[in-house]
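So that the names make sense, note that chain A is the first sequence line, chain B the second, and so on, each numbered from 1.
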Amino acid sequence: MLAITLPDGSVRQFDGPVTGTTIAASIGPGLAKAALAMEVDGLARDLSQVIDADAAVRFITRRDPEALGMIRHDVAHVLAEAVQALYPGTQVTIGPAIENGFYYDFARNEPFTPADFPAIEAKMREIIARNEPFVREEWPRHEAIAFFRERGERYKAELIQDLPAGVPISIYRQGEWLDLCRGPHMRGTGDVGSAFKLTRVAGAYWRGDHRNAMLSRIYGTAWRDQKELDAYQLQVEEAEKRDHRKIGLHTGLFHLQDEAVGSVFWHPKGWKLYRTVEDYMRRRLDASGYAEVKTPQLVDRRLWEASGHWEKYREHMFLARVEDEAEHERVMALKPMNCPCHVQIFNQGIRSYRDLPMRMAEFGACHRYEPSGALHGIMRVRAFTQDDAHIFCTEAQIADETVAFVDLLSSIYRDLGFDSFVVKFSDRPASRAGSDAVWDQAEGALKEACAAARVGYEMNPGEGAFYGPKLEFVLRDAIGRDWQCGTLQVDFVLPERLDALYTAEDGSRRRPVMLHRAILGSFERFLGILIEQYAGRFPLWLAPVPVVVATITEEAAAYALEVVAALRAAGIAANADVRNEKINRKVVDHIEQRIPVLAVIGKREAEERKLVLRRLPGREQETLPLAEAIALLAAEATPPDLRRPA
RNA sequence: GCCGACGUAGCUCAGCGGUAGAGCAACUGAUUCGUAAUCAGUAGGUCCCCGGUUCAAUCCCGGGCGUCGGCACCA
């Protein structure tokens with residue numbers, strides 16, 4: 001006898017080992033039809049799996065959250081079978097479910113192109129229509145390896161070989177085709193349904209290592225039903241409209257061009273936005289005990305050699321070779337970061353423990369020769385400005401400084417419209433400076449500080465900087481891509497390399513710890529994300545043109561110019577639109593230009609000295625006396641930090 | 001950097017082995033019109049660059065540059 005406990009607490013007895021299929025059937029025909037897989041004592045399993053001991057069982061149906069992952073995983077198998085059927089000689093590798101879909105990596109001499117999709121999708125629908133059951137088998141390891149080797153599947157053979165000993169080698173069959181897979185799967189290929197679509201092809205390195213062969217990856221999306229797929233595609237289209245590259249160009253914020261790849265040409269409106277954010281940041285830093293500095297752009301290679309950057313990042317630095325009068329060549333580098341220069345300022349004179357913590361900030365313009373494939377709009381560029389600062393402090397001060405930093409960062413993100421963000425903790429990378437003991441200390445200090453600041457984080461193993469562990473504050477763009485913006489890095493190495501010292505209370509000379517920290521990260525990246533966050537329609541305090549005053553008739557033009565002057569006097573960078581166009585046209589134009597507030601005036605308003613305010617792209621309007629309207633707009637155009645009582 | 005796709009007017013895009021087209025924008029004129037595109041006209045292009053094939057290349061081929069999507073990288 002064995003007892004199966006169901007989620008509602010009820011218990012069913014069975015004479016002997018049973019499959020999920022049998023249990024589901026015993027509960028009812030509806031469930032028997034709906035159950036795709038099950039969870040046995042909390043672990044996902046095939047429905048066909050035999051249960052031979054008392055267990056808690058929960059059935060997974062199409063409605064359950066796990067179903068999406070299963071559909072995507074199963075459709076990846078279907079894709080692999082279809083591809084091997086159509087393109088003999090193609091080797092399979094791995095094909096996981098991912099956010100919104102799935103992919104499968106294939107090894108094939110000739111890469112796929114989107115033109116191949118219709119044929120592949122048609123073949124996939126055939127396989128799904130056949131509804132072949134997924135059948136799980138466990139094979140002895142050597143047999144599995146021999147089998148895949150014989151079929152020329154060297155990647156699969158390698159995968160099996162590298163599976164840890166003791167892990168069962170499970171094989172899933174779907175009709176004639178089979179694949180190594182951990183499972184679980186749904187009942188058969190028919191459960192995949194028809195709400196899937198291949199989306200793109202891409203190259204991807206085998207096992208994510210650039211020294212390995214490049215495989216051909218096919219991405220797809222898959223959903224429970226057509227409605228979900230349609231909704232997803234609509235969402236993707238909407239997200240694409242928020243793309244900062246499109247909005248930036250369209251609303252005249254900036255442009256990029258071939259003669260300065262990776263550098264931004266900021267136009268007047270974009271630069272206004274930039275300066276608004278910079279001014280805001282400067283006020284926040286001033287109020288938080290930071291002292292701003294400015295350091296050289298071109299610095300002799302000696303300093304980069306001393307800091308260790310030369311050895312590790314020379315390839316990614318812009319160099320300038322100059323000859324002095326004696327024809328000695330000097331190699332200078334455009335600074336790729338600010339920290340070594342900040343240490344030079346710290347090292348001037350003799351520092352006391354009384355000077356610590358010393359918070360040294362710079363809006364530091366940096367250049368890095370980023371690999372061409374990494375460039376992305378203004379989010380990943382070769383010339384950028386960091387809101388950088390280095391806090392020179394004692395080990396004992398790390399926790400307090402981290403707490404203060406996280407508070408400041410949270411407040412700033414909130415002001416700028418980001419209520420939530422992800423924190424990642426990146427610990428020691430394989431290639432690093434400093435001893436393990438120093439790393440233990442640095443990672444420990446940062447973890448303690450996180451606890452003190454009550455910051456939850458996810459681990460990002462091996463992703464720390466070469467000189468120390470880091471916290472990354474990650475924001476997401478419109479298309480769902482994650483970007484590291486803020487960062488806090490603990491560094492015991494650079495003070496050592498650049499010989500930073502202070503005199504302690506007991507008169508001894510000690511090394512300060514350096515905390516490298518940034519909140520926006522780079523202005524370029526952050527503004528790119530900000531544009532996507534607001535779809536180019538900023539709150540009044542950020543908008544380069546917060547208000548446009550549009551006339552209905554030329555008779556109102558004089559009043560319009562007067563209103564604009566009054567708005568500007570109140571600190572609102574308003575523009576007038578007195579073009580000889582219909583008001584309908586003006587409304588459309590300013591919606592497209594992402595102007596947040598349109599003030600419409602005609603003869604009536606001019607006579608009554610009023611303003612009609614319309615929040616674009618909305619349709620509602622309110623009519624206010626001029627002074628009242630200006631006061632309202634001025635309040636809204638005030639940066640949030642200046643709105644708060646001091 | 002690697003794999004793939006793409007590069008035509010300011011923007012969005014169509015097109016073709018016989019030296020290019022639309023819509024919007026620009027400019028000119030008319031219209032002064034109360035909340036989601038007024039009408040008419042004019043002008044605008046080394047078809048990314050360099051080679052090659054061809055009687056002839058924007059189109060085909062090779063190389064380069066750039067952009068886009070991934071991968072790798074991200075001090």
For [X], answer base if it contacts any base atom (sugar-phosphate contacts may also be present), sugar-phosphate if it contacts only those atoms, and nothing otherwise; contact means non-hydrogen atoms under 4.0 Å.
| X | value |
| --- | --- |
| A:Gly618 | nothing |
| A:Ala465 | sugar-phosphate |
| A:Pro371 | base |
| A:Pro617 | base |
| A:Lys603 | base |

Roughly, in whole Å, what's the span from [atom1] in [X] to [atom2] in [N]?
| X | N | atom1 | atom2 | value |
| --- | --- | --- | --- | --- |
| A:Arg368 | B:C74 | CZ | P | 11 Å |
| A:Arg614 | B:G34 | CZ | C1' | 11 Å |
| A:Arg604 | B:U32 | CZ | P | 19 Å |
| A:Gln257 | B:C49 | CD | P | 16 Å |
| A:His255 | B:U67 | NE2 | C1' | 14 Å |
| A:Phe254 | B:G10 | CZ | C1' | 16 Å |
| A:Ile378 | B:C74 | CD1 | C1' | 17 Å |
| A:Met379 | B:G69 | CE | P | 10 Å |

Listed in order of residue number, which residues of [range] have a non-hydrogen atom at under 4.0 Å from RNA chain B?
| range | value |
| --- | --- |
| residues 199-222 of chain A | A:Arg200, A:Val201, A:Ala202, A:Gly203, A:Ala204, A:Tyr205, A:Gly208, A:His210, A:Met214, A:Arg217, A:Tyr219 |
| residues 471-493 of chain A | A:Arg481, A:Gln489 |
| residues 308-319 of chain A | A:His309, A:Tyr313, A:His316 |
| residues 89-110 of chain A | none |

Taking NZ, NE, NH1 and NH2 as the nitrogens, is one of them in A:Arg359 or A:Glu401 under 4.0 Å from a carboxylate oxygen of the other?
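Yes, this pair counts.
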In B/S/- notation (B base, S sugar-phosphate only, - none; protein heavy atoms under 4.0 Å), nucleotides 37-44 of chain B written 5' to 3' is BB------
Would you measure the distance from the [atom1] atom in [N] across to the matching atom in [M] and give it in whole Å?
| N | M | atom1 | result |
| --- | --- | --- | --- |
| B:U42 | B:C6 | C1' | 33 Å |
| B:A40 | B:A22 | P | 15 Å |
| B:G21 | B:G44 | P | 13 Å |
| B:C59 | B:G7 | C1' | 14 Å |
| B:U67 | B:U28 | C1' | 36 Å |
| B:G45 | B:G4 | C1' | 29 Å |
| B:G23 | B:A14 | C1' | 11 Å |
| B:U58 | B:U19 | C1' | 9 Å |

Considering residues at least two apart in sequence or located in another chain, which fulfil the salt bridge (charged side-chain N to carboxylate O under 4.0 Å, His left out) criterion with A:Arg211?
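By the salt bridge (charged side-chain N to carboxylate O under 4.0 Å, His left out) rule, A:Arg211 matches A:Asp209.
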Taking salt bridge (charged side-chain N to carboxylate O under 4.0 Å, His left out) as the definition, give me every residue that meets it alongside A:Glu620, ordered by chain and number, with sequence neighbours left out.
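Expected list: none.
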Residues in ring pair (Phe, Tyr, Trp, His ring centres under 6.0 Å) contact with A:Trp206, at least two apart in sequence or another chain:
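So A:Trp206 forms a ring pair (Phe, Tyr, Trp, His ring centres under 6.0 Å) with A:Tyr155.
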Go through the structure and list residues passing ring pair (Phe, Tyr, Trp, His ring centres under 6.0 Å) with A:His390, not counting sequence neighbours.
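For A:His390 the ring pair (Phe, Tyr, Trp, His ring centres under 6.0 Å) partners, ignoring immediate neighbours, are A:His342, A:His516.
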Could you tell me whether the side chain of [Y] reaches within less than 4.5 Å of the side chain of [X], counting heavy atoms only?
| X | Y | result |
| --- | --- | --- |
| A:Arg217 | A:Phe112 | no |
| A:Trp271 | A:Pro544 | no |
| A:Leu488 | A:Leu446 | yes |
| A:Glu153 | A:Val92 | yes |
| A:Asp387 | A:Phe363 | yes |

Ignoring hydrogens and geometry beyond distance, is a side-chain donor-acceptor pair present between A:Tyr87 and A:Glu110 at under 3.5 Å?
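No, no side-chain donor-acceptor pair sits under 3.5 Å.
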Think [X] has a side-chain N or O under 4.0 angstrom from the OP1 or OP2 of [N]?
| X | N | value |
| --- | --- | --- |
| A:His590 | B:A36 | no |
| A:Arg619 | B:U35 | no |
| A:Lys470 | B:A75 | yes |

Centroid-centroid under 6.0 Å between A:Phe196 and A:Phe102 rings
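Judged by ring-centre distance (under 6.0 Å), A:Phe196 and A:Phe102 do not meet the cut-off.
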Compute the centroid of each ring, for A:Phe466 and then for A:His309, and state whether the two points are separated by less than 6.0 Å.
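Here the rings of A:His309 and A:Phe466 have centres that are less than 6.0 Å from each other.
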Watson-Crick or G-U counterpart of B:U38, or none if no pair lies under 3.5 Å
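Base partner found: B:A30.
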Give me the ring orientation class for A:Phe421 and A:Tyr413: parallel if the planes are under 30° apart, tilted from 30 to 60°, perpendicular past 60°.
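Perpendicular: the ring planes of A:Phe421 and A:Tyr413 meet at over 60°.
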Angle class for the A:Phe318/A:Tyr369 ring planes (parallel below 30°, perpendicular above 60°, tilted otherwise)?
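Aromatic pair A:Phe318/A:Tyr369 classed perpendicular.
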Can you name the one residue among A:Phe473, A:Phe526, A:Tyr534 that meets ring pair (Phe, Tyr, Trp, His ring centres under 6.0 Å) with A:Phe418?
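Single ring pair (Phe, Tyr, Trp, His ring centres under 6.0 Å) partner of A:Phe418 among A:Phe473, A:Phe526, A:Tyr534: A:Phe526.
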Please list, for nucleotides 64-66 of chain B, all pairs of protein and nucleotide N/O atoms separated by less than 3.5 Å.
{"from": "B:G66", "atom 1": "O2'", "to": "A:Asp258", "atom 2": "OD1", "distance (Å)": "2.9"}

Check every atom of B:C11, B:A5, B:A75 against the side chain of A:Thr113 and return the nucleotide holding the closest atom.
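Looking only at heavy atoms from C-beta outward on A:Thr113, the closest nucleotide is B:A5.
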Not counting sequence neighbours, list each pair that qualifies as a salt bridge (charged side-chain N to carboxylate O under 4.0 Å, His left out) and has a residue in residues 364-374 of chain A.
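Sorted result for residues 364-374 of chain A: A:Glu370-A:Arg380.
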Could you check A:Glu463 against A:Gln484 for side-chain hydrogen bond (donor to acceptor under 3.5 Å, both in side chains), going step by step and ending with a plain yes or no?
CA-CA 12 Å; A:Glu463 297 296 321; A:Gln484 178 198 312; over 6 Å; no
In chain order, what residues pass the side-chain contact (heavy atoms from CB on, under 4.5 Å) check against A:Arg432, with sequence neighbours excluded?
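With neighbours one apart ignored, the set is A:Arg428, A:Pro429, A:Asp436, A:Trp439.
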Salt bridge (charged side-chain N to carboxylate O under 4.0 Å, His left out) assessment of A:Asp499 paired with A:Arg511:
CA-CA 8 Å; A:Asp499 200 26; A:Arg511 297 254 176 247; 2.9 Å; yes
Looking at A:Glu370 and B:G1, is any side-chain donor or acceptor paired with a base atom of the opposite kind under 3.5 Å?
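Per atom types, no contact qualifies.
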Can you name the nearest heavy-atom pair linking A:Glu628 to A:Leu624, along with the distance?
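Closest pair (atom of A:Glu628, atom of A:Leu624, distance): OE2-CD2, 3.4 Å.
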